[in-house]
Each structure stands twice: as structure tokens, then as C-alpha cells.
Number of protein chains: 2
Amino acid sequence: MALKLSTRGEYGLRAMFDLAQRYGEGPISLKSVAERQDISEHYLEQLFASLRKAGLVRSVRGAQGGYTLAREPREIKVGEIIRVLEGPIAPMDCVSEEEGEGTCCARAETCVARTIWEKVRDSIAGVLDSITLEDMVEEAHKLQSKDKYMYYI
Amino acid sequence: MALKLSTRGEYGLRAMFDLAQRYGEGPISLKSVAERQDISEHYLEQLFASLRKAGLVRSVRGAQGGYTLAREPREIKVGEIIRVLEGPIAPMDCVSEEEGEGTCCARAETCVARTIWEKVRDSIAGVLDSITLEDMVEEAHKLQSKDKYMYYI
DNA sequence: ACAATACCCGAGTGAATTGCTAAGATATAA
DNA sequence: TTATATCTTAGCAATTCACTCGGGTATTGT
């Protein structure tokens, strides 16, 4: 499978979507997220450590504690979540979004391939940065009402 | 690094580009490709076994043998090469380009994420399928003449 | 005939990554 | 003070990656 994401991105996005669906309800415990999304709670804790350090979620410790989105769902792009959990988007080291772009292209012909990797990178980033958590919540509502509609035909 | 390609795709594309630059000159030995592209010859052999079985290159055995592109450079898309060497393009198992799409989406909300992975997949495929080996050879010529132009300023 | 060349094939392997689990420390509400 | 949560570090089995090793087979020039 080419250009695959790891479970960090997959689980992390699912969990953040879960928080977005409950935005405004106060802190949500990882235990409940883990149960709904069928993900290991301990593993989720690790992902949320990254998300918290990146400023995407806020934590409340102690009983009745949990996590909330640090911003409104429409202010959080899917691309941000993926970058925090998986690192900069880059099909190849030499076209990483990070500043220190590494040393490649000692050979001239490498650069021809490089322009391809740049296009791939930008098209991926374009998709992920065009979708917010709010978009996902809205989409989920649409899918639900569509199901209902189908049912009554 | 998110959504990274392995060296199979990287080396394979470089090697196929090398053959494209020498298209019409008869069989090119892997040894020469490996030297020019600075890739292990044995490793390249493995990649070309896949490329040959997929019908992208033809082999000529024995002394003075080597590999040639099975089609003209403009008839070979970068996406084909990547798929042969890395498998179907799929940021997630459940949105693979292959027929047997696997079992995901037992949960409804998964499908919201799924539409995102589908968009990512299609945007990647769109880029890779829009570029042929001929495009790369032309691009290499442009880069060369640009260098020359810069030099004489 | 016989080297030399080059493709063909399968097994193995060390290093890195992945996807967790285990064990505990710390903070807060009831 | 107890139950509930977040935090933190360490470890680990399984898989994947990027090759290497050791052959075999086909073809060409001498």
C-alpha cells in the first residue's frame, strides 16, 4: 500500500472528531472516547499528549476531567491534526514541509523527480487543509439524514 | 514524516527515468543504471523483476543485454510505476484502489473520515497519473537549458 | 568450447518502525 | 480520603525496510 498513514493519524482524527461532536459539553474523558471509537485508552493517551503540546486540545485533570478542543471545530483543520501526529507531510525527505529540508539532489536528475514529490505533497496538504472538524460534523449529520431518507422510501 | 514513499518507489522512478532518457538506444544494463543513479544493483534487480512482470519493461538476457521500456516514455505514467512497486495508492486500507476494499466502517462515523481518505487518494493519483516519463525527460532538458542560461548571465 | 556478461531467483538479516502494554506519579471532585 | 482522570516513561513483540548473499540461466564475443 503506497503512501499510507499510520494508526496515529487515523485514531487521532477519529478521536478529535469525537470531541468535535461533543464540543461545548465540557471535558470528555479519554475512556469514553476510547470506548466509542474502539481504540486502546493508553495508546490514545500518548496521542493526546502530542495534541495537547501542540495546543489543539486542553486537558482538565482529576475526576470529571477530560479533554476539550482548544479552538472551535471550524478553526481546526484536519491537516493540523495529521501533522501533529504523523509529522510534516512529505512523500519524500527532500520535500518535507519543515524548514531543514535535508540534503538531497546531489544529482541533477533527482530534481526532476523532486518536482513530482512537491506536487504530490501540495495536493495532499491542499485536501487536508481544506477540511475542518466542523465540516466533518456537518458531513456526519448529512450521512445520518440521508440514511433516514433512504429508509422511508 | 507523514504519507512517505519507500525507496522502492523512489529508486524505481529514478531508474525508469534513466531508461526513458536512453529510449531507443537498445538494452541498458542495470549495472550502468545502478552506477549513474547510485543504487545497489542487486536491489534494483528486485525492483525490475516487479516492473518486468507488470509489463513496464522488457529484458534481454546475456552479454550486451539489459532492459528497455516496454512502451514509449509518453505512454508510461509515473502512477503506474509507483503502483507496481509500492502497491495501490491508499492512505488508508479501507480506501484502497484495489477491488477487495477490505472491511472497515463497521461504525458509521468512520465513513466521515473515509471520504477524506478518498479525496487524499484521488488527489495523489491525479498528480501521479498526469505525469509521464516523457514529461520528466522534457522537464530535465528545460532544467539543463535553464542552468546554461543562468550561467551566461 | 568457453569465458564474460547480464538477467533471474529465493533466502536471509540487521536496523528501524509500529502499535501497542505496563507501571506508576500527579491532580482534582465528591 | 477515595475514586477518577490525566500525565510520564519504559519496554516489547511483530512487522516492515533496505538491503546482502549465493547461487542459477541465457547470450555473446573470442
Side-chain angles (χ1 to χ4, degrees), chain A residues 1-15 19 22 25-35 37-54 56-70 82 85-87 90-93, chain B residues 1-15 18-19 22 25-54 56-70 82 85-87 90-93:
Chain A
M1 220 78 68
L3 295 156
K4 226 173 87 174
L5 233 63
S6 79
T7 55
R8 285 178 66 89
E10 180 192 1
Y11 294 171
L13 180 60
R14 292 233 306 267
L19 291 194
R22 285 154 189 82
E25 298 178 17
I28 310 292
S29 76
L30 277 197
K31 192 183 176 185
S32 69
V33 175
E35 276 170 10
Q37 302 293 333
D38 197 27
I39 301 172
S40 151
E41 188 186 341
H42 273 299
Y43 192 40
L44 260 193
E45 278 178 352
Q46 289 174 24
L47 307 188
F48 271 75
S50 301
L51 292 168
R52 187 177 56 81
K53 281 167 195 161
L56 289 181
V57 296
R58 266 196 281 267
S59 66
V60 179
R61 297 181 71 160
Q64 259 64 329
Y67 289 91
T68 55
L69 297 182
I82 300 298
L85 295 172
E86 306 248 7
M92 222 73 217
D93 288 346
Chain B
M1 219 77 68
L3 294 156
K4 226 173 87 173
L5 232 64
S6 79
T7 55
R8 284 178 67 88
E10 180 193 359
Y11 294 171
L13 181 59
R14 292 232 306 267
D18 196 290
L19 291 193
R22 285 156 188 81
E25 298 179 16
I28 310 292
S29 75
L30 276 196
K31 192 183 176 186
S32 68
V33 175
E35 276 170 10
R36 277 189 298 269
Q37 302 293 333
D38 197 25
I39 301 170
S40 150
E41 189 185 341
H42 271 299
Y43 192 40
L44 260 192
E45 278 178 353
Q46 288 175 26
L47 306 188
F48 271 75
S50 301
L51 293 168
R52 187 178 56 83
K53 280 167 196 161
L56 290 182
V57 296
R58 267 195 280 268
S59 66
V60 179
R61 297 181 71 161
Q64 259 64 323
Y67 288 92
T68 55
L69 297 182
I82 299 299
L85 294 172
E86 306 248 7
M92 221 75 215
D93 288 346

Check the orientation of Phe48(B) and Tyr67(B). Use parallel for under 30°, tilted for 30 to 60°, and perpendicular for over 60°.
tilted

Whole-Å gap separating [atom2] ([N]) and [atom1] ([X]):
{"X": "Leu5(B)", "N": "dT16(D)", "atom1": "CG", "atom2": "P", "value": "17 Å"}
{"X": "Arg8(A)", "N": "dT18(C)", "atom1": "CZ", "atom2": "C1'", "value": "10 Å"}
{"X": "Leu47(B)", "N": "dC17(D)", "atom1": "CG", "atom2": "P", "value": "13 Å"}
{"X": "Tyr43(B)", "N": "dG22(D)", "atom1": "OH", "atom2": "P", "value": "20 Å"}
{"X": "Leu44(B)", "N": "dA18(D)", "atom1": "CG", "atom2": "C1'", "value": "12 Å"}

Can you check whether [X] reaches [Y] side chain to side chain, under 4.5 Å on heavy atoms?
{"X": "Lys4(B)", "Y": "Asp93(A)", "value": "yes"}
{"X": "Gln46(B)", "Y": "His42(B)", "value": "no"}
{"X": "Arg8(A)", "Y": "Leu47(A)", "value": "yes"}

- Item | N/O donor-acceptor pair, side chain Glu45(B) with base dC8(C), under 3.5 angstrom |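 It does, because a donor-acceptor pair links the side chain of Glu45(B) to the base of dC8(C) below 3.5 Å.
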
### Presence of donor-acceptor pair under 3.5 Å, side chain of Arg61(A) and base of dT28(C)
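Under the 3.5 Å cut-off, the side chain and the base do not form any donor-acceptor pair.
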
Candidates [options] - which lies nearest the side chain of [X]:
{"X": "Ala63(A)", "options": "dT9(D), dA29(C), dT5(C)", "answer": "dA29(C)"}
{"X": "Ser6(A)", "options": "dG29(D), dC9(C), dG19(C)", "answer": "dG19(C)"}
{"X": "Leu30(B)", "options": "dA30(C), dT6(D), dC7(C)", "answer": "dC7(C)"}
{"X": "Gln46(B)", "options": "dC20(C), dC19(D), dC7(D)", "answer": "dC19(D)"}

Given dT4(D), is OP1 or OP2 found less than 4.0 Å from the side-chain N or O atoms of Ser29(A)? no

Give one of base, sugar-phosphate or nothing for Phe48(B), where a contact means two heavy atoms less than 4.0 Å apart. nothing

Assign each of Tyr11(A) and Arg52(B) the nucleotide of DNA chain C bearing its closest heavy atom; nearer the 5' end lies the nucleotide of Arg52(B)

By nearest-nucleotide position on DNA chain C, the 5'-leaning member of Gly62(A) and His42(A) is His42(A)

ask   = Under 4.0 Å between a Lys/Arg side-chain N and an Asp/Glu carboxylate O for Asp18(B) and Arg22(B)?
value = yes

